[in-house]
Structure formats: structure tokens, C-alpha cells
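Inspection log for the structure reproduced underneath, given as C-alpha cells.
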Number of protein chains: 2
Amino acid sequence: MDKVDITQVATAKEAGYLAHIAYDSVIFGFDGKQLKILISEYHNTKLFALPGGFVKINESLDDAVRRGLRERTGLDNIYLEQFHVFGSLERYIPETMEMIMKGGGHNPVEDCWLLDRFISVGYYALINYESVNPQPDELSDSCCWYNIDQLPTLMQDHTMIVAKALETLRDNLDKKLVGMNLLPERFTMKELQTVYESILGQEIRRTTFQRSMLAKGILNRHEKQFSGKSHKAPFVYSFKKDA
Amino acid sequence: MDKVDITQVATAKEAGYLAHIAYDSVIFGFDGKQLKILISEYHNTKLFALPGGFVKINESLDDAVRRGLRERTGLDNIYLEQFHVFGSLERYIPETMEMIMKGGGHNPVEDCWLLDRFISVGYYALINYESVNPQPDELSDSCCWYNIDQLPTLMQDHTMIVAKALETLRDNLDKKLVGMNLLPERFTMKELQTVYESILGQEIRRTTFQRSMLAKGILNRHEKQFSGKSHKAPFVYSFKKDA
DNA sequence: ACAAAAGTGTTAGTGGTACACCCATGC
DNA sequence: GCATGGGTGTACCACTAACACTTTTGT
């Protein structure tokens, strides 16, 4: 995409980006059973990290994050929310950044802007797991799904960033229609419950959950789904459009 | 404080700050009757703005905000919370920034870093109104309290920033002990109720409020206060320390 | 005595919990 | 029939709403 090699210029301006500002995205998906997030692994470094990026000079912060998501997932119109800014001094570790660049075969120029201190804005995204084929970026070997409770050790403060994202997601569970973005168009009550359980990290009473969800009046009930299992077929639901 | 005139250097680095990153603070206070915030007016411009500032190269984002609050209020240990990052392109209006500097008697150098685009992190603070004597900064004529519903027209997107701060404060009312930071050590139930009402912007039923607050178990009740008014003297309360 | 504001009791409604029970399906 | 999982009815509990009532104080 970029015509210049961003590791071969000294200033952010030459590279076309704003200095000192980055974003990290925690991209949640749900495979029907478990909550997962996308993690990148950088070439030849054994470093695992959240997908992140920088803001172009003529681009809003939100657009920068959307651009990064589009490059990695192919999706547009993603549900996206800011949750925290990470601006401590401890997260400034130029050695790590240098390792990543060298691992990718780029030897950064003297005083390269990428080795400066960055303040990072944390975003979380909710996407439909089925409709995505994750793509690694230029510096990464892979970009794949990891269960939220089986993450590899992440670089810098990224483990804390994930924890904060999950915490915010929990707080927003009732306010925003989280399930709508993580589930396919039609789903069973059991699937919706599993989404809630994996976000909250605890079991929910089946009967209570069913009643409280229906009481919200945000679901449409459709004809039953015959699964071939030896038990009663569940109703299938979808979210009401106007909600 | 600063030895260099920050308007007379081209790069943020020379001034000792990070480029492109600012903060704006919405500082809430409560005078016993109404919710107020601190607003600065710049010299000779008729521009009203939120108190804001920049991040030094060797300073965390949180510390930068605390430093700014200390300079304006004299207070340390302020209750502080991030609420949103404002990173749109529309907020980049270098002409306004130039007016402010010229109004303050500073003629910025060519390509001054202060005329670049900034992404701003919004913080809100809760402080004890009585213990503060607001101080204007170098570029401001004044820094004073305005009722939240009688603000002057603010520059750029600052009106929206205030709205977002208030919205976040509302959402956090039950989660965080907001009253503790806005009220003096001891207060009546009526005062606490007025804080809640002015944040929510609506009246609350007196009896319900009293019962729900007491049910939380976070208040200590002290001897009654004789106000000299012709009615029953109210109890005085304080927040429990461990909460 | 009266007005004003504080504090409490009483009843009803709402929404979650716990448990029981019935229903549909494939073996 | 039976195991399995889905859906609903019922009794109970906690919290809030609405309203009435009593208490305390200064004039």
C-alpha cells in the first residue's frame, strides 16, 4: 500500500503518518462455542501482538483503525469502540520495535520515528467470525484466532490492553447490543447465552437468561430449527432491525 | 515554568513535548447548588476553551494531566478519569491556534509545531469546589467556574467534549463514588441528592433516593446539623473510608 | 398554630432466582 | 420408553415507586 518504506525515513511526516500516536485493536469473534481474538506474530521474533497501526496525516483516528481492520479482515462497517488510551512511560521499549523491524528484514534508519515513544489508543471490534479470513500484515507471519483464555504471552502491555478491552466489553454488555455483532444473522437462545457466558467468564442460569432476553423486546422469533439432535428443536432468533 | 517559549520553536521535541498529542480536561465542581466546570478565556480573542495541555517527552499521559490540574487548581490527588479520544480531522483548525498565540502576544515561528494537527484525550476531574482558587495559565485571561447549563460558546469541538464528559459521568454515577469527590467531608442527604440531580439533569424522588443511598451501606451518619432554618434539622453524612 | 423540610412506614409493582414441570426429538 | 435439551409456570425475594404519615424546627 505505502510507497515509502516506513522504516527508511527518519520522521513520521516523511512516512505520511502522525508521530507518537498509534492504535491497538482487540478484535473479538465468536466461533459458536468460545470467544476469540486476533493476534499477530511478527516474523522471526516469536513476538505476539495485537493488530495495530498508525494514523495518516490526513485521516481521522477512527478511519485509521477501520483501515487497519479492513486490511486484516476484509470487512467494512465493523462495530468499533474506543476503550482506553495507554500513555505510560513503561510501554516505551524501542528495543522491541527494533527487533520487529529487523525480524521483518528492515534495518531502520538512524533516529527512525518508529523507535520514538508512542501513545496508543485501544479499540475493540466485534466481528462475525464466519465471514473473515484473517490476513497478516507486512511484518507479520500470521494473524489468527486465539481463545480468549488461551492467549500466548503478548509483547509489552498488550496483555493488559486485552484485559481492559474485555472489562469494557463486560460493562457494555447490557447497554450495547453486543450479541448482534458477534453472531450470525440467525441464532438460537443457547448460542446467545454462550456469548454472554464467555464474555462474563461465568455461567448464567438458563431460564433466567431466556426470560430476561425476551423481556427486552429486541428479538424476533422465527420457526424452529431441526438440528437432527435427539431433543426438542430450539427456536431461532434474530435481532430486530431498529434496535 | 518552561524555559523555552513554546511558540518560538518549530518542533515539539525542541519544546520538550510530544507532537500531535494534547489533552482537554473537564473539571467538575459543585457549589452546593449547581454543577459547574472550569473554563479558560484566552487573551484578546473572546475564545472560551477547556483547560488543556501537552505531554512532556518524559512524562506519562496521566502525569501530564495531573500537572495541568495542579497548575490551575493547586490541588494534588485529584479524582481523574479518561473518557474519550477526539481524533477527527474537523478539529484541526490552525487559524484558531494562531489567533490564541497572537492574542497572547506570541508570534509563532514558521511551521510551529503548535499549528500542527492534534489528537486530544478527554479527561474529566471531580474536585471539591471550596478548596480551589482557579488560576489562569499564561495564555489565558481567566479560568473560572461556569454552570454546566450556562456555558459560553466554546471553541472548536469543546462543547461536544463537555457533552461526552457529562454523559460518561452519568454512566459512572452508580459504579464510582462520584459524590465523594464533589462534596466536602460532611454533607446532608439533600446536598448529595442535588449532586445527583444536577448530573442527571432530572429530579429524583426524595424518599426513594434516601432509601437507596442508605441501602448501599457506604455512608456514615453523624449527629444532626442545626441550620437555623425553620424545619427539622437533617442528619449529616460522610462516606465510609474503605469504600 | 403553622409552614417547611426531614425521616419513616406501608403497599404495590417489577424483575431476577430457584425449582418444577412439560414438550419435542432421536435412539 | 428414555435420555437430552428446550420452553414455560409458579412461588419467592430484593429493590424501587408512590403515597401517606409523623417529627422537628423557627416564626
Side-chain angles (χ1 to χ4, degrees), chain A residues 32-34 170-179 183-184 186-240 243, chain B residues 30 32-34 170-171 173-175 177-179 183-184 186-239 243:
Chain A
K33 297 198 171 167
Q34 286 182 294
R170 273 179 199 158
D171 288 345
N172 289 346
L173 201 44
D174 290 323
K175 284 182 267 181
K176 328 241 166 160
L177 292 174
V178 168
L183 288 168
R186 301 204 165 190
F187 50 89
T188 65
M189 190 60 81
K190 174 70 178 172
E191 287 169 331
L192 183 59
Q193 182 176 342
T194 308
V195 169
Y196 272 66
E197 286 178 336
S198 49
I199 291 172
L200 294 173
Q202 60 181 25
E203 297 193 351
I204 306 174
R205 269 159 262 278
R206 180 179 62 95
T207 55
T208 305
F209 182 77
Q210 164 123 312
R211 245 185 286 259
S212 67
M213 279 298 139
L214 293 178
K216 284 188 205 297
I218 55 172
L219 296 179
N220 286 319
R221 176 180 280 187
H222 305 286
E223 77 291 344
K224 297 190 176 188
Q225 180 191 59
F226 292 85
S227 62
K229 299 282 177 58
S230 62
H231 56 74
K232 193 174 182 175
F235 286 113
V236 177
Y237 297 88
S238 65
F239 284 97
K240 287 186 181 170
Chain B
F30 182 73
K33 297 198 171 167
Q34 287 181 293
R170 274 179 199 158
D171 288 347
L173 244 191
D174 290 323
K175 282 181 268 180
L177 292 175
V178 167
L183 289 167
R186 299 203 169 193
F187 51 90
T188 65
M189 190 60 81
K190 174 71 178 170
E191 288 169 332
L192 183 58
Q193 182 176 343
T194 307
V195 170
Y196 272 66
E197 286 177 336
S198 49
I199 291 173
L200 294 173
Q202 60 180 28
E203 297 194 349
I204 304 174
R205 269 158 264 280
R206 180 179 62 93
T207 55
T208 306
F209 182 78
Q210 164 123 314
R211 243 185 287 257
S212 67
M213 278 299 140
L214 293 178
K216 285 188 206 294
I218 54 172
L219 297 178
N220 286 319
R221 177 180 278 187
H222 305 285
E223 77 292 345
K224 296 190 178 193
Q225 178 189 59
F226 292 85
S227 62
K229 299 282 176 58
S230 62
H231 54 75
K232 190 172 182 176
F235 286 113
V236 176
Y237 298 88
S238 64
F239 284 96

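Residue numbers start from 1 in every chain, and the chains themselves are labelled A, B, ... in the order their sequence lines are given, proteins ahead of strands.
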Side-chain donor-acceptor pairs of residues 187-200 of chain A under 3.5 Å, sequence neighbours excluded:
residue, atom, partner, partner atom, Å
A:Thr188, OG1, A:Glu191, N, 3.2
A:Glu191, OE1, A:Thr188, N, 2.9
A:Gln193, NE2, A:Glu197, OE2, 3.1
A:Gln193, NE2, A:Ile204, O, 3.0
A:Thr194, OG1, A:Lys190, O, 2.8
A:Glu197, OE2, A:Ile204, N, 2.9
A:Ser198, OG, A:Thr194, O, 2.9
A:Ser198, OG, A:Val195, O, 3.1

remark   = From CZ of B:Arg221 across to C1' of C:dT8 the rounded distance in Å is 10 Å
query = In whole Å, what is the span from the CZ atom of B:Arg206 to the C1' atom of C:dA4?
reply = 11 Å
task = Measure from NE2 on A:His231 to P on D:dG7 and round the result to the nearest Å.
result = 10 Å
remark   = Those residues at least two apart in sequence (or on a different chain) that pass salt bridge (Lys or Arg N to Asp or Glu O under 4.0 Å) with B:Lys224 are none
key: Contact letters for nucleotides 9-17 of chain D, in which S counts primed atoms plus P, OP1 and OP2 and B counts the base, heavy atoms under 4.0 Å   = BB-----SB
key: Value in whole Å for how far the P atom of C:dG16 lies from CE of A:Met213   = 9 Å
message = Using whole Å, what does the distance between atom C1' of nucleotide D:dA18 and atom CD of B:Glu203 come to?
response = 16 Å
remark   = Comparing A:Leu214 with B:Ser230, nearest DNA chain D nucleotide closer to 5' gives the residue A:Leu214
key: Which atom of A:Arg170 lies closest to which atom of A:Gly201, heavy atoms considered   = NH2-N, 4.4 Å
ask   = To the nearest angstrom, how far is B:Lys232 atom NZ from C:dA6 atom P?
value = 10 Å
Contact check, side chains of B:Leu214 and B:Tyr237, non-hydrogen atoms, under 4.5 Å = yes
request  = Grab the NZ-C1' distance between B:Lys224 and D:dG26 for me, whole Å please.
outcome  = 15 Å
inquiry  = With heavy-atom distances below 4.5 Å as the criterion, would you say the side chains of A:Leu219 and A:Phe239 are in contact?
reply    = yes
query = Less than 4.5 Å apart, any side-chain heavy atom of B:Lys216 and any of B:Asp174?
reply = yes
query = Can a side chain N or O of B:Gln210 be found less than 4.0 Å away from OP1 or OP2 on C:dA6?
reply = no
ask   = Starting at CZ of B:Phe235 and ending at C1' of D:dT23, how long is that distance when rounded to a whole Å?
value = 11 Å
